[in-house]
2 protein chains.
Amino acid sequence: MKELSEGLRQEGYRFTRQRRIILEEVRKQQYHPSAKEIYDAVKIRLPNISLGTVYRGLGVLTELGLIRKVEHGEYARFDANLAEHHHLICTDCDQLLDVDAPLSEPLNTQQFKARGFEVQRYKIELYGLCPTCATERS
Amino acid sequence: MKELSEGLRQEGYRFTRQRRIILEEVRKQQYHPSAKEIYDAVKIRLPNISLGTVYRGLGVLTELGLIRKVEHGEYARFDANLAEHHHLICTDCDQLLDVDAPLSEPLNTQQFKARGFEVQRYKIELYGLCPTCATERS
DNA sequence: GCCCTATTGGTAATAATTCCTATTACTGAT
DNA sequence: ATCAGTAATAGGAATTATTACCAATAGGGC
Ligand SMILES: [Mn+2]
Ligand SMILES: [Mn+2]
Ligand SMILES: [Zn+2]
Ligand SMILES: [Zn+2]
């Protein structure tokens with residue numbers, strides 16, 4: 001939690017019990033919890049916490065780079081897995097899964113320079129069958 | 001418009017004035033209009049059209065593959081440009097722009113097979129500076 | 001402990017999208 | 001062209017994720 005308290009201080013934020021527990025609960029989740037799901041988990045430990053505080057907390061945690069915000073579908077999801085990885089949305093079961101590996105050949109962002117674009121980063125979303133659904137198909 | 005009337009019929013949908021004009025107006029837009037912007041444009045020609053009809057129309061047009069739905073940020077945008085292209089979100093001016101070219105090296109989707117994923121398609125979002133903002137920086 | 005002020009809890013507001021229903025209007029058959 | 005069956009529409013209400021507001025609270029530097 002040192003990275004949290006120091007990260008917060010560095011930006012003039014305060015280290016609150018709420019923010020600490022929000023981070024702990026996001027890290028506990030294997031998958032990609034929504035704000036509401038994190039709220040429900042935190043509420044067990046802090047029964048009086050409000051949904052707004054969770055949204056605000058997730059915002060600063062994202063800003064500090066301690067979690068990732070994954071925008072897909074009708075609501076945002078959050079990800080404590082900071083390793084470089086992409087996401088696959090299963091066209092069969094609709095799950096959002098980690099593809100735990102960077103690209104075998106990283107995207108060449110220089111190719112866009114000829115068109116005047118200065119690409120800083122990119123996001124890849126894969127669509128297809130997750131391992132479970134792929135197996136069921138065969 | 002033949003592709004529209006036949007496409008609709010093929011799926012058991014009806015060819016309505018509203019759907020025809022919605023498609024025409026999406027095609028008129030250079031950039032990536034929101035449902036509301038399309039509604040405003042269509043409303044000039046069909047003053048009584050309702051927003052719900054525009055949403056429904058955009059839905060079937062997307063389903064028929066006559067337009068693309070671009071989900072990014074707080075609202076969906078629509079795209080009549082069916083050529084294979086990616087999008088760049090400018091980190092300076094926040095615009096969503098076409099990068100009118102496929103990748104010089106298409107993503108090798110087979111590399112994910114080893115992990116059990118059956119990738120059918122993928123979407124790449126680029127973040128960086130658009131040509132205008134890139135020029136202003138130098 | 002004291003003070004300053006960032007943060008919180010509770011609640012209202014916002015806004016994109018979907019849902020509901022009586023009425024309208026495509027479309028295939030007569 | 002008329003008709004009947006039903007998909008689609010207009011208009012409005014409902015839903016829902018997220019943000020805004022504000023009086024009360026609590027970090028943290030002294
Ligand atoms: Mn992930
Ligand atoms: Mn485009
Ligand atoms: Zn699946
Ligand atoms: Zn720009």
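Labels below follow one simple rule: chain letters A, B, ... track the order of the sequence lines, proteins then strands, and each chain is numbered from 1.
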Distances for protein N/O vs nucleotides 12-15 of chain C N/O pairs under 3.5 angstrom?
none

For the atom pair CD (A:E125) and NE2 (A:H72), what is the distance rounded to the nearest 0.5 Å? 5.0 Å

Distance-only polar pair, side chains of A:E63 and A:Y13, donor-acceptor under 3.5 Å: yes

Quick one: CD on A:Q18 to CG on A:L23, what's the gap to the nearest 0.5 Å? 13.5 Å

Nearest-angstrom distance from the residue atom CD of A:E11 to P of C:dT5: 20 Å

B:D92: partners by side-chain hydrogen bond (donor to acceptor under 3.5 Å, both in side chains), with sequence neighbours left out: B:R137

Those residues that, when tested against B:K69, pass side-chain hydrogen bond (donor to acceptor under 3.5 Å, both in side chains) (two or more places apart): none

In whole angstroms, how far is the P atom of D:dA10 from the CZ atom of B:R19? 11 Å

Integer-rounded Å distance: D:dA8 P and B:E63 CD: 10 Å

Co-membership, hydrophobic cluster, residues A:M1 and A:V26, 4.5 Å side-chain: yes

Check nucleotides 21-24 of chain D for protein N or O atoms closer than 3.5 Å to its own N or O atoms and list the pairs.
none

Identify each atom pair where a protein N or O and an N or O of nucleotides 28-30 of chain C are less than 3.5 Å apart, giving names and distance.
none

When you look at NZ of A:K123, are more than 12 heavy atoms from neighbouring residues, nucleotides or ligands closer to it than 6.0 Å? yes

Say you draw a straight line from CG of B:L8 to CZ of B:R19; how long is it, rounded to the nearest 0.5 Å? 6.0 Å

Take atom CD of A:E6 and atom P of D:dG28, then tell me their distance rounded to the nearest Å. 12 Å

Out of curiosity, B:Q10 CD to B:L64 CG, how far, rounded to the nearest 0.5 Å? 9.0 Å

Supply the atom-to-atom distance B:D79 CG to B:R27 CZ, rounded to the nearest 0.5 angstrom. 12.0 Å

What residues join B:L103 in its hydrophobic cluster, counting side-chain heavy atom gaps under 4.5 Å, either direct or through other members? A:L88, A:L97, A:V99, A:L103, A:L107, A:F112, A:F117, A:V119, A:Y122, A:I124, A:L126, B:L88, B:L97, B:V99, B:L107, B:F112, B:F117, B:V119, B:Y122, B:I124, B:L126

Ignoring hydrogens, what is the shortest heavy-atom contact between A:I67 and A:A80? Give both atom names and the distance. CG2-CA, 4.4 Å

DNA chain D-proximal residues of residues 68-80 of chain A, any heavy atom under 4.0 Å: A:E74, A:Y75, A:A76

After noting the C-alpha distance and the side-chain angles of B:Y39 and B:E25, does the key distance pass the side chain to side chain contact (heavy atoms under 4.5 Å, CB included) rule? CA-CA 9 Å; B:Y39 169 67; B:E25 292 301 324; over 6 Å; no

Could you tell me whether the side chains of B:H85 and B:D100 share a donor-acceptor contact shorter than 3.5 Å? no

So which protein nitrogen or oxygen atoms get under 3.5 Å of nucleotides 23-26 of chain C's nitrogens or oxygens?
| unit_1 | atom_1 | unit_2 | atom_2 | d |
| --- | --- | --- | --- | --- |
| C:dC26 | O3' | B:F15 | O | 3.4 |
| C:dC26 | O2 | B:R14 | NH1 | 3.2 |

Checking B:H87 against B:H32 for the ring pair (Phe, Tyr, Trp, His ring centres under 6.0 Å) test, could you report, in this order, the C-alpha distance in whole Å, the side-chain angles of both residues, the deciding distance, and whether it holds? CA-CA 10 Å; B:H87 292 122; B:H32 302 91; 4.7 Å; yes

Rounded to whole Å, the CG-P distance (B:L51 to D:dT9) equals 13 Å

4.5 Å side-chain heavy-atom contact, A:E11 and A:V60: no

Contact nearer the 5' end of DNA chain C, comparing B:Y55 with A:G52: A:G52

Quick one: bend of the helix from C:dG1-D:dC30 to C:dT30-D:dA1 from 5 pairs per end, to 10°? 50°

Separation of atom CZ in A:R20 from atom P in C:dT8, rounded to whole Å: 13 Å

Can you list the other members of the hydrophobic cluster that holds A:I89, where links are side-chain heavy atoms under 4.5 angstrom apart? A:V70, A:L96, A:Y127

Just to be sure I understand the geometry, which residues of residues 21-49 of chain A put a non-hydrogen atom under 4.0 Å away from DNA chain D? none

Within-4.5 Å side-chain heavy-atom neighbours: B:R20 and B:L4: yes

Sequence neighbours excluded, which residues qualify as side-chain hydrogen bond (donor to acceptor under 3.5 Å, both in side chains) partners of B:Y55? none

Given side chains that start at C-beta, do those of A:F78 and A:T62 come closer than 4.5 Å, heavy atoms only? yes

May I ask you to check whether over 12 heavy atoms, not counting those of A:R45, lie within 6.0 Å of atom CZ? yes

Between A:S50 and B:Y13, the residue closer to the 5' end of DNA chain C by nearest nucleotide is A:S50

